[in-house]
Visitor: 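This structure is in C-alpha cells; I'll ask about it shortly.
Order of the sequence lines fixes the chain letters, A, B, ..., with proteins taken first and strands second; residue numbering starts at 1 for each chain. In this text the structure is predicted, and so the values were computed from the model without any measurement.
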Number of protein chains: 2
Amino acid sequence: MVVVSAAESVRRPRLQDVAAAAGVSPATASLVLRGSAGPSSVTRERVLDAAARLGYRPDRAASLLARRRSRLIGVLMDVRSTFHAQLVEDVHEAAEEHGYDLVLSTMTRTRDEGRAVETLLDSRCEALVLLGPEAPAARLGALDRQLPVVAVGRAVPSAGVDVVRAADDEGVALAVDHLVALGHRRITYVDGGPGAISAGRRRGYQRAMRRHRLGENLHVMPGDHGEESGARAARALLATDLPPTAVVAYNDRSAVGVLDTLLRSGVGVPGTVSVVGYDDSPLSRLAHVDLTTVSQESQQLMRHAVAAVVERLDGGRMEHREVVVPPRLVVRGTTGAPPDAELDDPRGGSRRGSVRSDHGLT
Amino acid sequence: MVVVSAAESVRRPRLQDVAAAAGVSPATASLVLRGSAGPSSVTRERVLDAAARLGYRPDRAASLLARRRSRLIGVLMDVRSTFHAQLVEDVHEAAEEHGYDLVLSTMTRTRDEGRAVETLLDSRCEALVLLGPEAPAARLGALDRQLPVVAVGRAVPSAGVDVVRAADDEGVALAVDHLVALGHRRITYVDGGPGAISAGRRRGYQRAMRRHRLGENLHVMPGDHGEESGARAARALLATDLPPTAVVAYNDRSAVGVLDTLLRSGVGVPGTVSVVGYDDSPLSRLAHVDLTTVSQESQQLMRHAVAAVVERLDGGRMEHREVVVPPRLVVRGTTGAPPDAELDDPRGGSRRGSVRSDHGLT
DNA sequence: CGTCACCATTAAAGCGCTTTAAGGACATCA
DNA sequence: TGATGTCCTTAAAGCGCTTTAATGGTGACG
C-alpha cells in the first residue's frame, strides 16, 4: 500500500499528458502552447483544447531549464520603500512590453543586498535592475562583467554599469524656481544626509539659489531620509529670529515632518511658510497632505532601465551608459506666495500667482 | 568565427566543472554541496575548494527540477502595502527556520490576484501564503485542493483553507477598554467600509461599548481604508453639537486622517480628543504621529502561517484550521483622559491615568 | 586465504520542457 | 511513374542538477 503525502495527492498534468490527450507528440504540444509557427490550425485547436481540459500549466523551472534564454530580469528592491513599490509596478509593465518576465528579490533585516542579488543570479536572470543599490561601485562593476546591470537612482561613479536616474539637481532647482517665482527669497533646504542622491539635490539647491542671486540666503539644515529629521528642522527654524518663508526638503517624508510640525505650531501653510517635498510619493498625494513636490517620473525611469537591459541583451550594445531623466514639478497645495509678498515683491498678495493642482483641499 | 552574444560571454560554471576540478564525479560534488552525509572529509574539502575557486553557484531552475521537493512557499502580496512589507519580512524569517524558501508575487495595476497566483503555481511552490486575498472563498477552496493554502488576515467563511488572522474584534475592544479606563464615554468609531475585516472590527467596537453600558453612545461613522475617509469623518464630527472625546479608527491610515484634521482645526490631541488607530504600522510609529494603535503582531501571524504550511506539508495534517492571534494595544501619545474627566469621572484631571510609550513627542 | 560487511564513490536514470534535425505524407511537375 | 517540393509532425538530445542503486575497495573476521 502506498501512502500518498498530502503534498502530491493531485499530480499536475505535464506536457506529455496534454500531448497524449490531444493525440500528438510532446514536441507538437510544446510548439502549439508557445505559439510557434508550424502546427496546423486543426492540431493547434486539439492541443489547446486538451490543455484547457486538463488545466495544464507549464512548469516554469523545467521550461526555464530547457529554454536557451530565460527572458528573466532580476529586480532588487527594498520592500519597505513605497517608492520602490511604484518602480516595481512600472518595471513590470515595461518588461512585459519587451517580453521579459521579472524575478523580485527584496532585502530584509536578515537578508542583505548581497544575498538578495545572489538569489537573482541563481534564478537564471539575464540582467539585473537594482533599485537604489548601496554596494560599492567596484562590486557593481564586477557584477556587470557577469551580466548586464542597471543601477536605478544612484549615480555609480566609474560607470562600470548602466545608470538610470533622475536629474536630482534639476529637480530641486525646479522647486526653487517655483518658489522664487511666487516671491520667496528666504528659502531653506533640509538636507538628506550623506550619499550621492542627497549631494545632488543639495547642489541643485545651492546652484539655483545663486542663480537667483540669493546666495546670501543659502541655508542648509541637516537632515536625513525620515519624517523626524524634517520635524526637527522645522522646530529649529521656528526658533529662529527670521524664519524662512519657504522650505524645500530632501524628500516627501522629510517634508511631511516639516509640514506637520509647522501646522501643529499654528503656522499656516502655505499662508506663512511654503513647503516642497521630493518624490511625488503616495504620501504627498494624500488629500490631507497635498504636498507640492518633485516627481521622479518612475514610469520613464523604468522604461529607460528596461530599454537599457534590452539593448545590451538583444541589441549587442557593449559600452555603458547613463540616462538622466528630467524630473517634473508637481504643484499642489503647500506652496503659495509668501506672507510679505507685498513688501518683497510688488506682484502681490497671498496665494496670488500660486498654480494649484486640482486637489484643492488643505 | 563564432560571434558570442554579450549575454553569454561568460559561461557560468556548472556542477560538472566543479566535479572535474575536484577530481570527483558530479554525484559526489552534489552530495557535498548540499551537505548530505556520505563523502569523506577530504573529498568534501576538495569539492568545496573547487567550488569556491570557480565561483560556482547552483542553478536554481535545474536543482528545482531535479529535486523531488521544491521547499518553496509562494507568497501573494500587494507591494504597495506597508503592512504586507512587514509581513513579508517576517514570513521570510519564519520560512527560513523551517528550511523553506520564498517566491514573492505581487499584484499591480495590470496583474490581478489570479495572475499573481498563477505565477506562484508555475514556480513549483508547494504551498501558498496569501496576504489579504480577495478571491471568493470558493476559488480559494479550489486552490487548496491543489496545494496547501493559508489565507492571512481574512476569515474565509467555509474554511476550505487554513486561516491565520488577528482577532479584530478583540483588538478594537482593547482600544475601547483603554479609552473607557481613561474616563471616556463618548467614543466614536470610524468604519472601514465593507469586507470581513472591517465587519469584525466594527463588531468589536459595538460589543465593547455595550459591555461598558455605553450602548447609547454607540456611533459609527462611515469610512474606508484611506486617510481621506478619516479626515472626512473628523470634519463631520467637529461640526457636531457634542463631539466625542475619543475616536477609534478602522486603521492607522484612517486615524492619521482624523488626527491631521483635528490638529489643523486646533483641536488638541489627546487634550481634547483622543485617537486610536489599528495596525501599528510604520506610520503610527513616526515620532510626529505617535499614534496609539493596535498591533496585529505580524511576526506571530507569520509564524503561525508558516507553521500551518509545514504541518500540512511535512506533518500530514489534512483538516483545515483557523488560528486567531490576539492583538496587542500599543499605547502612544494620542490617547489621554478626556477634558471633562473631572465631571464625568471623579478619578481625575487631564492626562492622569494615561500610560504613555517612551516616544514622548506629540 | 576466502568471505562478509561496510564505506566512499559513481553510473545512470530521470525532473518536465524546448529545440533541431530528420522523417512522412501528400501534392506537383516532368 | 518517379522526382521534387512543401508542409506537418516527431524523435531525440539535451538544459544542470538530484538521487538511487550499484560499484569497487577496505579491513575484519572466521
Visitor: For atom CD of A:E134, is the number of surrounding heavy atoms from other residues, nucleotides or ligands below 6.0 Å larger than 12?
Guide: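 Result for CD/A:E134: open.
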
Visitor: Using whole Å, report how far CZ of B:R44 lies from P of C:dC7.
Guide: 15 Å

Visitor: For B:R124, report the nucleic acid contact type (base, sugar-phosphate, nothing); a contact means any heavy atom under 4.0 Å.
Guide: sugar-phosphate

Visitor: Does one side chain, of B:S40 or B:R44, offer a donor that lies under 3.5 Å from an acceptor on the other?
Guide: no

Visitor: Ignoring hydrogens and angles, write down the donor-acceptor pairs under 3.5 Å from the side chains of residues 13-20 of chain A, residues two or more places apart or on other chains.
Guide:
unit_1 : atom_1 : unit_2 : atom_2 : d
A:D17  : OD2    : A:R14  : N      : 2.6

Visitor: Salt bridge or not for B:R69 and B:E126, using N-O below 4.0 Å?
Guide: yes

Visitor: Has A:S40 got a side-chain N or O lying under 4.0 Å from the OP1 or OP2 atom of D:dT9?
Guide: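 Yes, because at least one side-chain N or O of A:S40 sits under 4.0 Å from OP1 or OP2 of D:dT9.
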
Visitor: Are A:T119 and A:R111 linked by a side-chain donor-acceptor pair shorter than 3.5 Å?
Guide: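 Yes.
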
Visitor: When every nucleotide of nucleotides 17-22 of chain C is labelled 5' to 3' by its protein contacts under 4.0 Å (heavy atoms), B for base, S for sugar-phosphate only, - for none, what sequence of letters results?
Guide: BBB---

